[in-house]
Protein chains: 2
Amino acid sequence: MALRHAVLAALLDGEYSGYQIAKGFDIGVANFWHALPQQLYAELAKLEKGGLITGREVVQQGRPNKRLFTVTDAGLAELERFAADTAKPSFIRDDLMVKVHAADRTEADAVIEQLEERATVAEAKIAVLTPLLEKLRGDLDEAEFLRVGARVGPYLTGLRGLSFEREQREWCLRTASVLRARAARERAHV
Amino acid sequence: MALRHAVLAALLDGEYSGYQIAKGFDIGVANFWHALPQQLYAELAKLEKGGLITGREVVQQGRPNKRLFTVTDAGLAELERFAADTAKPSFIRDDLMVKVHAADRTEADAVIEQLEERATVAEAKIAVLTPLLEKLRGDLDEAEFLRVGARVGPYLTGLRGLSFEREQREWCLRTASVLRARAARERAHV
DNA sequence: GCAGCATACTCAAAAATCTGACTAGTCGCA
DNA sequence: TGCGACTAGTCAGATTTTTGAGTATGCTGC
């Protein structure tokens, strides 16, 4: 049950609606968590019932009203408690890696295509993250920001996201080219 | 329902028992998938019932008997089908990143400790993966192996795992040192 | 003038995953 | 000789996550 903490952490950056959180707009959280809108709405409702966040209705004209949530002191205390107890090991699950693992026993064409597609997605994430980190940093250079800047948390997780996406892109492109070369070789030998 | 495919991919490397797969001994699969023993046993049973794998009983003395599984032609065809349709985006879930995201609003000491612990774990994985990749490679150098070697699938996923663990280690150490420096600064100012 | 997309959610049900306990023999250690 | 760890699993039940559908309004492009 760590989704609850991911949501609390996301709300530290300000007031957000379920819809906004669901959109994954938030740099930090999107880098290490993924959940469907339905889960988030349910979790927000539970958190509010438990008094860890409070919502306020914002009436909008021209579009549906929304509820913006803020972390309460109790919520902060819960995060504190969470930070103190031992973390579960991280885990990745990746369909594409399963396919690559089996790539020398199956037709590789489709996998190559997906690897290149995935590299493009990584590229796009890099293009979003880079300016976001710059914005967080403000006038300070990175070393200085990390030393004294406010809100380093999101910056640090953003850095991890960025490095992950860079590695992902490189690996996808390299793997695609390896598989492509082998496919060509195989065709030549048959 | 991709666990089924992860298991099939793991079994491509040879005959394994549920227990062995559960141990995560397999380089490739451990790099992109994680599941509890109970899930694996259940999945193996389903796959066998579906004819995608076959098991044979191996009688052992001095320890319980075991069942070793092999992928059938039907299983290979299923993997082929799986490789062809579109992959879901990868996702990571990481408690520790949640904690870092909130680190500037909570007590950081415990998080720093966990980051250093995580770096050690990453180090250990690097220490396991590096010789495993060497072994897979045999006499060939990497470029040559990738061009003509057998079983490149596991090698390629192993490379991704290795790069992930390296980045993980660096990020954990750097993040720990950033948080440590800030905690010291804060104490000095109070 | 209407199709499709965006905002902002809700509900129910199916499937996957995790928690926790249990069996049962063997080996090493003190 | 008893304790704990390792091999090799099984079972039940709770919780989480995913799938799929639905509501309602407004704006934009063709």
Side-chain angles (χ1 to χ4, degrees), chain A residues 1-7 10-11 15-26 29 32-50 53 55-69 85-95 98, chain B residues 1-8 10-11 15-26 29 32-50 53 55-69 82 85-95 98:
Chain A
M1 224 221 284
L3 173 58
R4 92 197 256 94
H5 301 113
V7 171
L11 287 175
E15 271 191 325
Y16 294 120
S17 68
Y19 189 77
Q20 281 173 287
I21 291 180
K23 279 282 155 187
F25 69 100
D26 180 33
V29 179
F32 53 80
W33 212 271
H34 159 252
L36 298 167
Q38 292 92 320
Q39 268 175 280
L40 292 170
Y41 286 118
E43 200 60 48
L44 287 168
K46 266 195 263 176
L47 286 168
E48 194 182 16
K49 208 178 294 174
I53 61 176
R56 64 184 184 92
E57 187 87 11
V58 173
V59 180
Q60 302 183 110
Q61 75 269 62
R63 58 180 65 183
N65 298 342
K66 62 181 172 182
R67 310 205 63 218
L68 293 181
F69 296 97
D85 66 39
T86 56
K88 294 186 184 167
S90 75
F91 74 88
I92 323 173
R93 274 188 190 170
D94 196 335
D95 275 17
V98 175
Chain B
M1 226 220 286
L3 172 58
R4 92 198 256 95
H5 301 111
V7 171
L8 284 171
L11 288 174
E15 271 191 325
Y16 293 122
S17 68
Y19 189 77
Q20 281 173 287
I21 292 180
K23 280 281 155 188
F25 71 99
D26 180 33
V29 178
F32 52 79
W33 212 270
H34 158 253
L36 298 167
Q38 294 92 320
Q39 270 175 280
L40 293 169
Y41 286 119
E43 199 60 48
L44 286 167
K46 265 195 262 177
L47 286 168
E48 194 181 17
K49 207 179 293 175
I53 59 177
R56 65 186 184 91
E57 187 87 11
V58 173
V59 179
Q60 302 184 108
Q61 76 268 60
R63 58 180 63 184
N65 298 342
K66 61 180 174 184
R67 310 205 63 218
L68 294 180
F69 295 97
F82 170 67
D85 66 39
T86 58
K88 292 183 187 171
S90 75
F91 74 88
I92 321 174
R93 273 187 192 172
D94 196 334
D95 275 16
V98 175

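Just so you know, these numbers come straight off a predicted model, no measurement behind them. First the proteins, then the strands, lettered A, B, ... as listed; each starts at 1.
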Encode nucleotides 4-17 of chain D as B, S and - characters from 5' to 3', where the letter depends on protein heavy atoms closer than 4.0 Å: B to the base, S only to sugar-phosphate, - to neither.
-> ---BBBBB----SS

For Lys88(B) and dT18(D), give me the distance from atom NZ to atom P, rounded to whole Å.
-> 8 Å

To the nearest angstrom, how far is Glu48(A) atom CD from dC9(C) atom P?
-> 11 Å

Take Lys46(B) and Glu43(B) through the test side-chain contact (heavy atoms from CB on, under 4.5 Å) and record every step on the way to the result.
-> CA-CA 5 Å; Lys46(B) 265 195 262 177; Glu43(B) 199 60 48; 4.0 Å; yes

To the nearest angstrom, how far is His34(A) atom NE2 from dA16(C) atom C1'?
-> 15 Å

How long is the line joining CG of Leu40(A) and P of dT10(C), in whole Å?
-> 12 Å

Could you state the interatomic distance from OG (Ser17(B)) to CD (Glu15(B)), rounded to the nearest 0.5 Å?
-> 10.0 Å

For residues 32-39 of chain B, which side-chain donor-acceptor pairs fall under 3.5 Å, sequence neighbours excluded?
{"from": "Gln39(B)", "atom 1": "OE1", "to": "Leu36(B)", "atom 2": "N", "distance (Å)": "3.2"}

If you look only at distance, which donor and acceptor atoms sit under 3.5 Å apart when one is on a side chain in residues 59-68 of chain B and the other is two or more places apart or in another chain?
{"from": "Gln60(B)", "atom 1": "NE2", "to": "Pro64(B)", "atom 2": "O", "distance (Å)": "2.6"}
{"from": "Asn65(B)", "atom 1": "OD1", "to": "Gln60(B)", "atom 2": "N", "distance (Å)": "3.0"}
{"from": "Arg67(B)", "atom 1": "NH1", "to": "Glu48(B)", "atom 2": "OE1", "distance (Å)": "3.0"}
{"from": "Arg67(B)", "atom 1": "NH1", "to": "Glu48(B)", "atom 2": "OE2", "distance (Å)": "3.3"}
{"from": "Arg67(B)", "atom 1": "NH2", "to": "Glu48(B)", "atom 2": "OE2", "distance (Å)": "3.3"}
{"from": "Arg67(B)", "atom 1": "NH2", "to": "Gly55(B)", "atom 2": "O", "distance (Å)": "3.4"}

Full working for side-chain contact (heavy atoms from CB on, under 4.5 Å) between Val7(A) and Val29(A) = CA-CA 8 Å; Val7(A) 171; Val29(A) 179; over 6 Å; no

Any side-chain heavy-atom pair from Leu3(B) and Leu40(B) closer than 4.5 angstrom?
-> yes

